[in-house]
Amino acid sequence: MAANIDWVTCAEEQEKLITKVDSISLNKTDRIPNGSPKTGIGAEGEPEDKNVDEAPISPAERSLLQKIIRKGLVENKNDIEVQRKDPTSPLFSIKSFEALHLDPQLLKGVYAMGFNAPSKIQETALPTLLANPAQNMIAQSQSGTGKTAAFVLAMLSRVDPKKDYPQVLCLSPTYELAIQTGEVAAKMAQFCPEIKIRFAVRGEEIPRGTKLKEHIIIGTPGKVVDWGVKYQFFDLGKVSVFVLDEADVMIATQGHQDQSFRIHKLLPRNCQIMFFSATYEHDVMDFAEGIVSNPVIIRLKREEESLDNIKQYYVMCRNLEDKYTAISNIYGVVTIGQAMIFCHTRKTASWLSEKMSGDGHAVALLSGDLAIEQRIAVLDRFRDGKEKVLITTNVLARGIDVEQVTIVVNFDLPVDLARKADCETYLHRIGRTGRFGKAGLAINLVDGPETLAVLKQIEDHFGKKINKLDAEDVDEIEKLGKE
DNA sequence: AAAAAAT
C-alpha cells in the first residue's frame, strides 16, 4: 500500500491552505456536474463563503496545492493520512460539527450525546462522507476513536425521510455490534423522529411479502441476505449508502465474505460505499480497494499508538491446569474494574465459565452458543457493571464498547486456522480496554512452546515487548490492576 | 475456530 507514496510534509500553513482551498472548491458549483449541490455541505442557496473573495490563492499556494493534488495525498497534523485516486474530489477537514451544515435536529442529537468537537477521524472523514457528489471511503482508525459515530452521522444525514423505503444499509459482523450501532444511531437521531431504523438480525421475523418502510437497515449478513436477496423485503437496488463496519472481517473471512458480496452485487452502481475498521491486513486493504471504486482512503497513523496506553504481559504456564491457576489468581484482582477473558472456542469458554463458577468466582459467559435473549441479557448486565468478569470468544473481540473494562485476559491467544498469530484480532481484543485514551492492562496466558511462538509473532508484528509476569506473583498483578 | 441463517 505504502509503495510509491511520497509524503507531502505537513505544516500549519498547509492545513490552512487546504481549509481555504476547500471552502473555494466546495462553493464552486461548476465542479459538480449538472449543478445543484444537494443538502449538506455547500447547500444550495447558501451565500458564497466570504473567505473566497477575501483570500484568493496565491501562486505559491497554488503550486503547493497542485503538488498535493498530484500526490493525491495529504498528511495533516492530526496524524491522519488521506489518499485519493481522484484528485478532483474535495479535500478538507472540519473543526466543528457546525461546519458540516447538518440538519439542526441532527446536530442537536450529536451534542446531546456529549460530542462537543469532532474526533480526529471525524474531522477528516465526515466532510468527505457528506460531500456531493457522494464519494466512497475506506477508513481505518483504532478502537475508540469515534468511527461508529462518524459513519452513523453520515448514515443519518444521507436519509431522505420523505422516501419510505430503505436507503441506508449497514452491515456488522455480529449481533451485538449491530445492536450497539443501532443504539448509537437511535440516540443521535433522537430529535429526528421521522427517521426510522430497522434491525435485520437474528430473532427479527417478518411475514413474507412485507415491504420495509424504514429508512435505515442495520444488520448482520445472514439476515440481510434473507431480507434483501432471498425474500426482497426491501430493494437493494434503491440503497444509496452502504456501510461495512469491521470491513476487513466482512470481506476477508469465510462465510461473511460470500454474504457481503451477494449483497454488494445488488447495490446500484452509484451507491456510496463506506468501509470502516481498526485493522486492515495488507492483502485485505488491496482487496478492499478492488471492491470499492475510486475510494478516498483515510487512516489514523501509527496503529501502535493504540497500544501505548495498554500494558501488556504474559504468564508462562505449562498446561491447561496452570492456566486455570493463573486465571484464578488474576481473578482476585481483576474485579477492581471489569475484565474480559477471551477463549479460542465456545467449548473452552463454557468450560472455563463453569469451572470458575464452581470455584466460587462470579463470572458471566457470552458466546454464540447462547440464545439471543441470553446474549442480550448478559451483555446488558456486563454494561451495567452487574457482572465484573466476562468470559467470551471472538464474538466480542471487536467493537464492543464497555468503558469500565480495565483488563483483557487472553486465556487463549488469538490464532488463525493455520495456528499462526492473528494480530488483527489481538489488537481488537486488547482494544476493548484502554478506550478513549484510558490506561488498560492485557494479560496473555502462554501454555507451551507453540503459544510462546505465537506471542513472539505478536511482539514482532507490533514491535512491542510483552513482559513476563509470574503467575504466583499476585501482588504484582494487583499493583498493575490498581494503576 | 467463530460468526452468521434456518433447518
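Residue numbers begin at 1 in each chain, while the letters A, B, ... track the order of the sequences.
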Peer 1: Among the candidates dA1(B), dA5(B), dA3(B), find the nucleotide nearest to the side-chain atoms of Arg346(A).
Peer 2: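 Nearest to the side-chain atoms of Arg346(A), counting from C-beta on, is dA3(B).
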Peer 1: Regarding Arg419(A), tell me which of base, sugar-phosphate or nothing describes its non-hydrogen contacts under 4.0 Å with the strands shown.
Peer 2: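 No contact.
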Peer 1: Please report, rounded to the nearest Å, how far the C1' atom of dA4(B) is from the CG atom of Leu370(A).
Peer 2: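 In whole Å, dA4(B) C1' and Leu370(A) CG are 16 Å from each other.
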Peer 1: Of the nucleotides dA3(B), dA2(B), dA5(B), which one has an atom closest to the side chain of Gln259(A)?
Peer 2: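 The answer is dA5(B), which lies nearest to the side chain.
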Peer 1: So, is the end of the Lys238(A) side chain (NZ or CZ) under 6.0 Å from the ring centre of Tyr165(A) and within 45° of the ring's axis?
Peer 2: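 Relative to the ring axis of Tyr165(A), which defines the angle, Lys238(A) lies inside both limits.
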Peer 1: To the nearest Å, give me how far apart CD (Gln254(A)) and P (dA1(B)) are.
Peer 2: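 In whole Å, dA1(B) P and Gln254(A) CD are 14 Å from each other.
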Peer 1: Donor-acceptor pair, Gln167(A) side chain versus Asp160(A) backbone, under 3.5 Å?
Peer 2: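 A pair under 3.5 Å: yes.
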Peer 1: Between dA3(B), dA5(B), dA1(B), spot the one nearest the side chain of Arg375(A), thanks.
Peer 2: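 Between dA3(B), dA5(B), dA1(B), the one nearest the side chain of Arg375(A) would be dA3(B).
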Peer 1: Select base, sugar-phosphate, or nothing to describe what Gly368(A) touches, counting heavy atoms under 4.0 Å on all strands.
Peer 2: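 Answer is sugar-phosphate: Gly368(A) comes under 4.0 Å of backbone atoms only.
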Peer 1: With a 4.0 Å cutoff (strictly under), does any side-chain N or O of Thr174(A) reach OP1 or OP2 of dA4(B)?
Peer 2: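 False: Thr174(A) side-chain N/O out of range (4.0 Å or more) of dA4(B) OP1/OP2.
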Peer 1: Taking the six-membered ring for Trp, are Phe233(A) and Tyr231(A) parallel (under 30°), tilted (30 to 60°) or perpendicular (over 60°)?
Peer 2: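 Phe233(A) and Tyr231(A): parallel rings.
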Peer 1: Nearest-Å distance, OH (Tyr231(A)) to P (dA5(B))?
Peer 2: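 Checked: the OH to P distance equals 13 Å.
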Peer 1: Between P on dA3(B) and CG on Asp245(A), what's the gap in Å once rounded to a whole number?
Peer 2: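 Interatomic distance, CG of Asp245(A) to P of dA3(B): 18 Å.
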Peer 1: Could Asp245(A) and Arg398(A) be called an ion pair, given the rule that one side-chain N must be under 4.0 Å from one carboxylate O?
Peer 2: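 Salt bridge: no.
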Peer 1: Can you see if the side chain of Lys223(A) gets near the phosphate of dA6(B) - specifically, an N or O under 4.0 Å from OP1 or OP2?
Peer 2: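 Answer yes for this pair, as a side-chain N or O of Lys223(A) is under 4.0 Å from OP1 or OP2.
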Peer 1: Taking the side chain of Thr220(A) as its heavy atoms from C-beta onward, which of dA3(B), dA4(B), dA1(B) lies nearest to it?
Peer 2: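 In terms of side-chain proximity for Thr220(A), the closest of dA3(B), dA4(B), dA1(B) is dA4(B).
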Peer 1: When the distance from CZ of Arg208(A) to P of dA6(B) is rounded to whole Å, what number comes out?
Peer 2: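 In whole Å, dA6(B) P and Arg208(A) CZ are 12 Å from each other.
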Peer 1: Tell me the interatomic distance from Ile251(A), atom CD1, to dA4(B), atom P, rounded to whole angstroms.
Peer 2: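 Nearest whole value for this atom pair: 19 Å.
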Peer 1: How long is the line joining CZ of Arg202(A) and C1' of dA3(B), in whole Å?
Peer 2: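 After rounding, the reported distance stands at 9 Å.
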Peer 1: Between Tyr426(A) and Phe462(A), what is the ring plane arrangement, given parallel below 30°, perpendicular above 60°, and tilted in between?
Peer 2: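 The rings of Tyr426(A) and Phe462(A) sit tilted, inter-plane angle from 30° to 60°.
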Peer 1: When the distance from NZ of Lys347(A) to C1' of dA2(B) is rounded to whole Å, what number comes out?
Peer 2: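 Whole-Å distance recorded here is 15 Å.
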